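First comes the structure, then the notes that go with it.
Labels below follow one simple rule: chain letters A, B, ... track the order of the sequence lines, proteins then strands, and each chain is numbered from 1. Since this is a predicted model, take the numbers as computed values, not measurements.
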Amino acid sequence: MPKSETEKTVSILRGLNTEQREAVTYTDGPSLILAGAGSGKTRVLTHKIAYLIDRKHVSARNILALTFTNKAAREMHDRISKLIKHQIVDMRCGTFHSFFASLLRRDADKLGFSSNFSIYDERDQQELIKTIVSDNRLDGQKFSPSAISSRIGRLKNNMVSPEKFSESANSEFDEVIAAIYPEYQRRLRQSNAMDFDDLLLKPLELFQQFPEVLAQYQCWWSHILVDEYQDTNRPQYALLKALADQSKNISVVGDDDQSIYRWRGANIRNIWDFEKDFPTCKTFRLEQNYRSTANILAAAHSVITKNSYRMEKELWTKREAGDPLTLLLCQTGSEEAYKIIQKIQNEFYNHKRNFSDFAILYRTNAQSRLLEDALRREGIAYVIVGGLRFYERKEVKDVLAYLRAVCNPSDEVSVKRIINYPLRGIGDTTLQKIHEYCIEHQLSFFQGLERITDIPNIQNRTKERVGEFRYFISKYMTLLNSLSAFELATTLVDELGILPQLKQEGTSEALSRMENVRELLNTVYEYTQRNPQGKLQDFLAEVALITDIDKWDDRSNAVTLMTLHAAKGLEFPVVFIAGLEDGLMPLSRSLDNDDDIDEERRLFYVGATRAMEKLYLSAANERMRYGETIPSKPSRFIGEIDDELMEADTSGVYIPREMYYKPQETEIPVQKRQANKKQMRPGILVRHLQFGKGVVKKVDGHGDDQKLDILFEEVGLKKVVVKYAKLEIL
DNA sequence: AGGCGCCTTTTTTTT
DNA sequence: AAAGGCGCCT
C-alpha cells in the first residue's frame with residue numbers, strides 16, 4: 001500500500017509549478033491563494049483536495065469545497081476522482097446556497113421551519129412584497145416591489161435585521177422598508193419559505209442559537225476550501241469564519257481583479273482583509289498565466305491597472321505574443337453582429353476552428369438578440385447561456401408552483417399563482433376576500449381555502465370551485481409518499497390538461513411553452529433516475545438553485561453567447577466582446593461612481609482574459625436601447641489598451657456561405673420528425689435536443705409510457721421517456 | 001365577477 | 001421590444 005500511495009502522490013504533484021505545488025502541499029492552517037486569471041486556480045484546488053485525501057489521509061467526507069456554480073462543483077468532483085483514481089462519493093462539493101440549503105433541511109425545525117420549505121427566487125419575493133404593499137395600502141407606484149425587494153436584499157446582505165433597521169430608518173422610503181421588512185420575514189416564515197439570502201442567514205441564526213450544532217459541524221468539516229473567494233458576501237464570510245473557527249483549515253482561492261458581484265452584495269474586502277481576519281494565514285501568489293497569448297494578457301493588464309486599488313500581483317506568460325487584438329468599429333448594432341459572424345466564418349474556414357471555439361460576450365442579455373438573428377441567418381449553431389432562464393419561464397413556473405404547493409401548501413406565493421391557472425373562475429375579488437379573511441384570522445392562505453365555507457360574500461358556485469382546487473392539491477399531497485417525483489409530476493400535469501390546451505392554441509409560442517413543460521417533466525424524470533430515493537421536495541430544492549451555466553453543454557459544436565458575468569471561470573480560443581461603448585460597457589448607471597467604474601473595468605478584464613488565442617473587441621456608433629436609437633462612442637476601456645497591441649479591422653471580406661458551410665455537421669434541423677409517432681426499436685439513431693446524437697439500446701414499455709435507454713455520442717447512456725424527450729429519428 | 005385588449009414601463013449583471 | 005397594469009366589455 002505505501003508504494004502505490006507514493007506513486008499517486010507523485011502524480012498528484014506532477015505538472016504543477018513551484019508556487020502551485022507550495023499552495024497544494026500547505027495543508028495546516030488558513031491559506032490565501034491569490035490566483036490570477038488562467039493561472040491554474042481550479043487545478044490547485046482539485047490537486048489540493050486530492051493531496052489531502054491521498055497523502056494526508058483526510059477522509060473525503062470531512063472536506064467541504066464551496067464553488068460558485070454547480071457546474072464548477074461537478075467538474076471539481078470529477079477531476080478529483082480522476083486524480084486519486086477512484087470515485088469519491090462522500091465529499092461535499094457545491095455552491096454556498098445549495099450546501100447551506102441542505103444543511104438547513106436537516107435542522108429547519110429548530111428555526112421554526114419544516115424541512116420541505118420552499119425557496120423563493122427574486123420573482124417570488126417580489127410577488128410576496130406586492131401583496132404586502134397592497135395589504136398596507138401603500139402606493140405601489142411610488143414603492144415598486146422591485147425597489148423594495150432590492151433594498152431589503154441589500155440589508156440582508158449586510159446582515160441588518162428588521163429590528164436593527166427600524167431604529168435607523170430616517171427617510172420616507174426607509175420608513176416604508178422598516179414597516180415591510182419585518183412583515184416580509186413573517187410572511188416568509190408563515191409560507192414556510194426562504195429567499196436566497198435566508199439560505200445564508202438562517203444557518204448563521206442556527207449556529208448562534210445552537211452552538212452545539214455549530215460545534216458538531218466545526219468538527220465534521222475539518223478542511224474547507226473556497227473557490228472565487230473575491231465574490232463572497234458578508235453572510236458567506238461569517239459562515240466560513242464560524243465553520244473554520246476550530247480547525248482553521250481554510251483555503252480560499254480568488255483574484256480581486258475578478259470581483260464582479262458587488263451589486264449582489266459581494267464584498268471585495270473579504271479577500272483584501274483575509275490576511276487580517278486569519279492572522280496565521282499563509283499567502284500564495286499564482287502569477288504565471290497558462291491560458292492567453294502575451295498580447296491578450298498585456299491588453300488586459302493595461303486596462304486593469306487603471307483601477308485605483310488592487311492587491312499586488314502581475315501576471316506573466318511564457319507564451320508568444322500571438323495575434324494582435326482586433327477592433328471592429330461598426331455603425332449599428334446589427335452591423336456589429338454581421339461583422340462578428342463574418343469573423344467567425346473567416347476563422348472557421350481559414351483557421352480550421354470548431355464553432356465551439358468561439359464565445360461572444362456582452363454586458364446585457366438584451367444584446368443577444370441581434371447576434372442570434374445573424375447566427376441563425378447564416379445557419380451557424382449557437383447556444384445562449386442565460387437570458388430568459390428556463391426555470392423562470394411562465395409555464396415552467398406554473399407547473400413548479402403546483403409541485404411546490406403540493407410539497408408545501410403553506411407556500412402563499414405558489415398557491416396564489418396557480419389557484420386560477422388553468423382558469424377556474426376564481427378571480428381577484430375572491431382572492432382578496434380569502435386573503436383578508438386569512439389576515440384577520442392569522443391563517444396561512446391554504447388554511448383559508450380549507451375554511452372557504454366560512455368566508456362571507458363569496459358566491460356558492462365560486463366556493464365550490466375553490467373547494468375543487470383545494471381538493472386537487474390535497475389529493476396529490478396524499479400521493480407524495482406513494483409516487484415517485486416523476487410519476488406525481490406527470491400525473492398532475494396530465495390531470496391539469498395543460499398540454500392539450502396549449503396544443504389547441506396552436507401558436508408557435510404555445511407550442512414552445514408545451515415543449516418547455518415537457519422538458520421540465522423530462523428533468524424530473526432524469527432526477528428520479530439519478531436519485532431513485534429522491535423526493536419531490538429534493539428535486540424542487542435542486543432546481544431552485546440551478547443556473548443556466550450549470551446546464552451549459554460545452555461539448556456541443558456551437559458558438560456560445562453569454563454575458564460577461566456568466567463567462568467567469570471559462571475559457572475559449574476565440575472571444576468577442578461586443579458592445580464596447582460608453583454607457584453600455586461601462587454601463588451608464590455606473591458612470592458617476594468610481595467604485596462602479598472599477599467594477600465594470602474588472603468585468604472587462606474578466607472577459608478579455610477568457611480568450612486563449614484571439615480577442616476581438618467591437619463597438620457601434622449607434623445602438624437601439626429601450627426602442628430608441630442612441631448615439632454612442634467607443635468605450636473608455638478600449639482607449640486604455642496600448643495601441644500597439646491592437647489593430648483596427650480592415651478586411652471586410654465576405655466569404656460566401658458555400659465555402660465554409662458543412663450542412664451535415666452544423667445544420668439546425670428544419671423539419672423534425674416526431675419520434676413518438678414511430679415504432680422505436682434498438683439500433684435506431686436519434687437526436688435529442690440537449691444530448692445530441694445517440695443510438696437506442698433498449699426499449700421499455702409501450703405508447704406514452706415507453707422509456708428508452710439511449711447511448712449518446714457525447715454524454716453516454718441516458719434513460720429518456722419518449723413522450724417527453726424531443727427525439728428526432730435520424 | 002371575470003376576461004380581454006390597449007397603454008405604460010422597463011433590464012445590468014444572478015445565487 | 002416585451003411584460004405588466006389598467007380599464008372596458010361580457
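- The residue Lys394(A) sits apart from the nucleic acid: no heavy atom pair falls under 4.0 Å.
- Side-chain nitrogen and oxygen atoms of Lys130(A) include none within less than 4.0 Å of the OP1 or OP2 phosphate oxygen of dG4(C).
- Comparing Lys433(A) and Arg264(A) by the nucleotide of DNA chain B that holds the closest heavy atom to each, the one mapping nearer the 5' end is Lys433(A).
- Rounded to a whole Å, the CD1 atom of Ile630(A) is 13 Å from the P atom of dA1(C).
- An OP1 or OP2 oxygen of dA2(C) is reached within less than 4.0 angstrom by a side-chain nitrogen or oxygen of Arg369(A).
- Taking atom CD of Glu228(A) as the reference point, atom C1' of dT14(B) lies 14 Å away to the nearest angstrom.
- For Ile129(A) and dG4(C), the CD1 to C1' distance is 17 Å, given to the nearest whole Å.
- Atom pair Ile546(A):CD1 and dT14(B):C1' shows a separation of 14 Å (rounding to whole Å applied).
- For the ring-ring contact (aromatic ring centres under 6.0 Å, His included) test, no residue two or more places apart in sequence or in another chain qualifies with Phe207(A).
- You'll find the side chain of His97(A) reaches within 4.5 Å of the side chain of Gln236(A), heavy atoms only.
- Partners of Arg470(A) under the salt bridge (Lys or Arg N to Asp or Glu O under 4.0 Å) rule, at least two apart in sequence or in another chain, do not exist in this structure.
- At the heavy-atom level, Arg623(A) lies nowhere under 4.0 Å from the strands shown.
- Candidate nucleotides dT15(B), dG5(C), dA1(C) were compared by shortest atom distance to the side chain of Met624(A), and dA1(C) ranks first.
- In summary, the aromatic rings of Tyr261(A) and Phe68(A) are positioned with their centroids under 6.0 Å apart.
- Using a 4.0 Å heavy-atom distance criterion, Lys568(A) is classed as making no nucleic acid contact.
- Here Thr430(A) lies in heavy-atom contact (under 4.0 Å) with sugar-phosphate atoms only.
- The distance from atom OH of Tyr237(A) to atom P of dT15(B) is 25 Å, rounded to the nearest whole Å.
- Across the protein-nucleic acid pair, Asp550(A) atom CG and dT14(B) atom P stand 13 Å apart, rounded to whole Å.
- Rounded to an integer number of Å, the gap from CG of Asp198(A) to P of dT15(B) is 18 Å.
- The main-chain N or O of Asp550(A) is never found under 3.5 Å from a side-chain atom of Asn70(A) such that the two would form a donor-acceptor pair.
- Here Asn420(A) lies in heavy-atom contact (under 4.0 Å) with sugar-phosphate atoms only.
- For the C1' atoms, the distance linking dT12(B) with dG5(C) amounts to 24 Å, nearest Å.
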Dump the pairs, protein N or O against N or O of nucleotides 10-13 of chain B, anything under 3.5 Å, distances to one decimal.
from	atom 1	to	atom 2	distance (Å)
dT12(B)	OP1	Arg589(A)	NH1	2.6
dT12(B)	OP2	Tyr626(A)	OH	2.9
dT12(B)	O2	Arg363(A)	NH1	2.9
dT12(B)	O2	Arg363(A)	NH2	2.2
dT13(B)	OP1	Asn365(A)	N	3.1
dT13(B)	OP1	Asn365(A)	ND2	2.9
dT13(B)	O4'	Arg363(A)	NH2	3.4
dT13(B)	O2	Trp263(A)	NE1	3.1
dT13(B)	O2	Arg363(A)	NH2	2.5
dT13(B)	O2	His565(A)	NE2	3.4

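- Relative ring orientation between Tyr229(A) and Phe274(A) is described as perpendicular, the plane-to-plane angle rising above 60° on a 0-90° scale split at 30° and 60°.
- Between Ile119(A) atom CD1 and dT14(B) atom C1' the separation is 15 Å, expressed in whole Å.
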Applying side chain to side chain donor-acceptor pair (under 3.5 Å) to Thr131(A) and Arg187(A), what does each step give before you reach the verdict?
CA-CA 10 Å; Thr131(A) 64; Arg187(A) 290 279 274 279; 3.2 Å; yes
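- Across all their heavy atoms, Ile426(A) and Ile419(A) have their closest contact at CD1-O, 3.7 Å.
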